[in-house]
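Each remark here refers to the structure printed beneath this line.
Each residue takes its place number in the sequence, starting with 1.
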Amino acid sequence: MSWIRESELSLLQKIAANILKAGPMPKHVAFIMDGNRRFARKKNVERQEGHMQGFNKLAETLCWCQHLNIREVTVYAFSIENFKRAKAEVDGLMELAKQKFTRLLEERDNLEKHSVCIRVLGDLTMLPLDLQQLIAKAVFETRTHNKCFLNVCFAYTSRHEITNAVREMAWGVEQGLIKSSDVSEALLSKCLYSNNSPNPDLLIRTSGEVRLSDFLLWQTSHSCLVFQSVLWPEYSFWNLCEAILQYQFNYRSIQKARDLHREEQELQQLEADRACVAEVLQHHGNGKPADAQRRQEALLHYTACREERVQDFLEALKHKRDSFFTDLASQACCTSCVC
C-alpha cells in the first residue's frame, strides 16, 4: 500500500470540504492512531493485520488532509512504552516499519511530485540498525521538500523528548555555546524533536480513550483536543470533518490562549534579560546605580548578544542532528552497494 494516494473526493465530500474551508482551518493536525488491536479482535484477525489496516488508513487520511489543505500531519506510530508489549508483536511492528519505509523509498518520484517532507521524531537509537538506516535515508532524501510535511513519532514519548531537550541545553552550556542564564521555555521548545514544526492546531485521538499517552504534551498545551470513539482502521472522512468543526467552534479561545502565552513568554524573557543586565552593571559599577539611558543601552547590547549565542547554539545542535541522519543514510547506501 502506497504512502501517498492520489484519489478524488466524492461530490458530497467535496461540498463538505469547501464548506469547512470557508472557516478557519487547522494547518497542522496530530493523530493518536488508537484501536488497531481492538479492530483485529473485532474482525477476528491477527494483530499484525490490524496494524496493517491502521497503516492503510493513515495513507487514506493523508489524502483527505491534502484535499483539505492541511499541510502538516504528525502521527504517533510507536511509543517507547510499546517496547513492553509481547516480543512477537514488537518484532512484527518493526518488520512492518521496515516494509513501509522500504516502500516509501521506492516512491521517491511521487514524494518529489507532491514535495512531501518526511520527518521521524523519537530516539532512533532504540531501533534495529537496519530500520534506523531506512528511516534516515527517507528523512535525508526528502529533507528539501516543503509543500507537505509528515512527522512520524517512532520510539517516542513526550517525557523522553523533553528530557532530551534539557540534555541538549546542558550540552550547549558545557560546550560554552550558551550561558545557563540563556535557558528558557522558548529555548527548550527549540530543542525538541519537533523544533522544525509549528505546534499542532488540532490533536485527534481515536478508539474512545481520553488521554494523551505521553504524546506531544509540551506542544499541545494550546491545541484543540478531540477524542473520538471510532477505531482507527474504521476512521472516515466524516470523522475528520467532525473534528475540524470542533476546532472551528473553539478557534477564538485557542488563538486568545496562544496570544496570551506568547506575550507572557516575551515578558518573562525581558525580565530575565533585565535581571542579568542589572547584575552586570552592579558588578562593573561598584554598586553605583546606572542611569536609565545606560541601562537601556546595556539591555539592548545584552539582548543582541544572547540572541546571537542562542542562534549559534541552535545551528550547532542542528548540525549535530543532521550529521546523525546523514551518517546513517550513508551507511544504508554503502550497505546497498555491497549487496
Side-chain angles (χ1 to χ4, degrees), residues 16-17 20-21 23-39 54 57-58 60-62 64-65 68-82 119 121-122 149-154 156-163 165 185-186 188-189 192-265:
L20 280 176
K21 286 190 283 188
M25 289 293 290
K27 297 179 177 64
H28 181 185
V29 178
F31 291 94
I32 301 178
M33 307 178 293
D34 196 16
N36 292 342
R37 296 197 294 176
R38 271 170 279 179
F39 174 81
K57 184 56 63 176
L58 170 60
E60 193 174 7
T61 304
L62 291 175
W64 299 332
C65 288
L68 290 164
N69 297 336
I70 298 169
R71 296 182 65 245
E72 187 152 3
V73 172
T74 300
V75 296
Y76 205 2
F78 189 86
S79 167
I80 291 173
E81 295 298 312
N82 291 154
R119 301 180 183 130
L121 315 181
F149 300 89
L150 174 60
N151 307 312
V152 181
C153 292
F154 209 96
Y156 173 94
T157 63
S158 191
R159 285 175 294 181
H160 191 89
E161 177 184 32
I162 294 168
T163 301
E185 180 182 329
L188 192 149
S189 294
L192 296 172
Y193 297 136
S194 61
N195 66 90
N196 291 317
S197 300
N199 290 336
D201 301 298
L202 170 63
L203 181 144
I204 299 167
R205 178 166 189 164
T206 57
S207 87
E209 295 289 345
V210 289
R211 52 197 171 85
L212 294 180
S213 296
D214 216 346
F215 179 56
L216 301 181
L217 301 180
W218 184 278
Q219 297 89 334
T220 56
S221 57
H222 300 102
S223 302
C224 179
L225 309 182
V226 176
F227 301 97
Q228 298 176 300
S229 59
V230 61
L231 300 178
W232 175 250
E234 297 174 332
Y235 203 69
S236 73
F237 175 80
W238 304 109
N239 293 131
L240 179 57
C241 290
E242 177 195 4
I244 293 172
L245 274 174
Q246 289 197 47
Y247 167 77
Q248 292 180 336
F249 289 148
N250 292 282
Y251 176 76
R252 288 182 182 276
S253 61
I254 292 169
Q255 291 305 116
K256 183 178 180 180
R258 286 184 169 183
D259 291 342
L260 285 172
H261 180 250
R262 183 168 56 251
E263 290 172 7
E264 288 172 1
Q265 272 196 327

[X] side chain vs [Y] backbone, donor-acceptor pair below 3.5 Å:
X: N199; Y: T220; value: no
X: Y251; Y: M25; value: no
X: N82; Y: S79; value: yes
X: Q228; Y: T206; value: no
X: T157; Y: H160; value: yes
X: Y193; Y: C153; value: no
X: N239; Y: Y235; value: no
X: D34; Y: L231; value: no

In terms of the angle between their ring planes, are H222 and H261 parallel, tilted or perpendicular, with boundaries placed at 30° and 60°?
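Ring orientation of H222 relative to H261: tilted.
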
Are [X] and [Y] side-chain neighbours, meaning at least one heavy-atom pair lies under 4.5 Å?
X: N195; Y: S189; answer: no
X: L202; Y: S223; answer: no
X: R205; Y: M33; answer: no
X: S207; Y: W232; answer: no
X: N196; Y: N151; answer: no
X: F154; Y: L121; answer: no
X: L68; Y: I244; answer: yes
X: W218; Y: L192; answer: yes

Less than 4.0 Å between a side-chain N and a carboxylate O, is that true for [Y] and [X]?
X: D259; Y: K256; value: no
X: R119; Y: E72; value: yes
X: R258; Y: D201; value: yes

Taking atom NZ as the centre, does K27 end up with more than 12 heavy-atom neighbours from other residues, nucleotides or ligands that are less than 6.0 angstrom away?
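No, NZ of K27 has 12 or fewer neighbouring heavy atoms, counting only those of other groups under 6.0 Å.
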
Test side chain to side chain donor-acceptor pair (under 3.5 Å) on H28 and T74 and set out the steps.
CA-CA 8 Å; H28 181 185; T74 300; 2.7 Å; yes

Nearest 0.5 Å, what's the CG-CD distance between D214 and E161?
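It comes to 9.5 Å.
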
Taking atom CG of L20 and atom CD of E242, what is their separation to the nearest 0.5 Å?
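Output value for this atom pair is 11.5 Å.
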
How close do [X] and [Y] get, heavy atom to heavy atom, and via which atoms?
X: F31; Y: L240; value: CZ-CD1, 4.0 Å
X: S158; Y: L217; value: OG-N, 3.0 Å
X: Y76; Y: S213; value: OH-O, 3.2 Å

Residue pair F215, L203: steps toward the side chain to side chain contact (heavy atoms under 4.5 Å, CB included) verdict:
CA-CA 10 Å; F215 179 56; L203 181 144; 3.7 Å; yes

Give the intermediate values and the outcome of side chain to side chain contact (heavy atoms under 4.5 Å, CB included) for residues F39 and N36.
CA-CA 5 Å; F39 174 81; N36 292 342; 5.6 Å; no

As a quick check of understanding, evaluate side chain to side chain contact (heavy atoms under 4.5 Å, CB included) for V226 and Y247, giving each step before the final call.
CA-CA 8 Å; V226 176; Y247 167 77; over 6 Å; no

Residues which pass side-chain contact (heavy atoms from CB on, under 4.5 Å) with L62, listed by chain and number, not counting sequence neighbours
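For L62 the side-chain contact (heavy atoms from CB on, under 4.5 Å) partners, ignoring immediate neighbours, are L58, V73, L150.
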
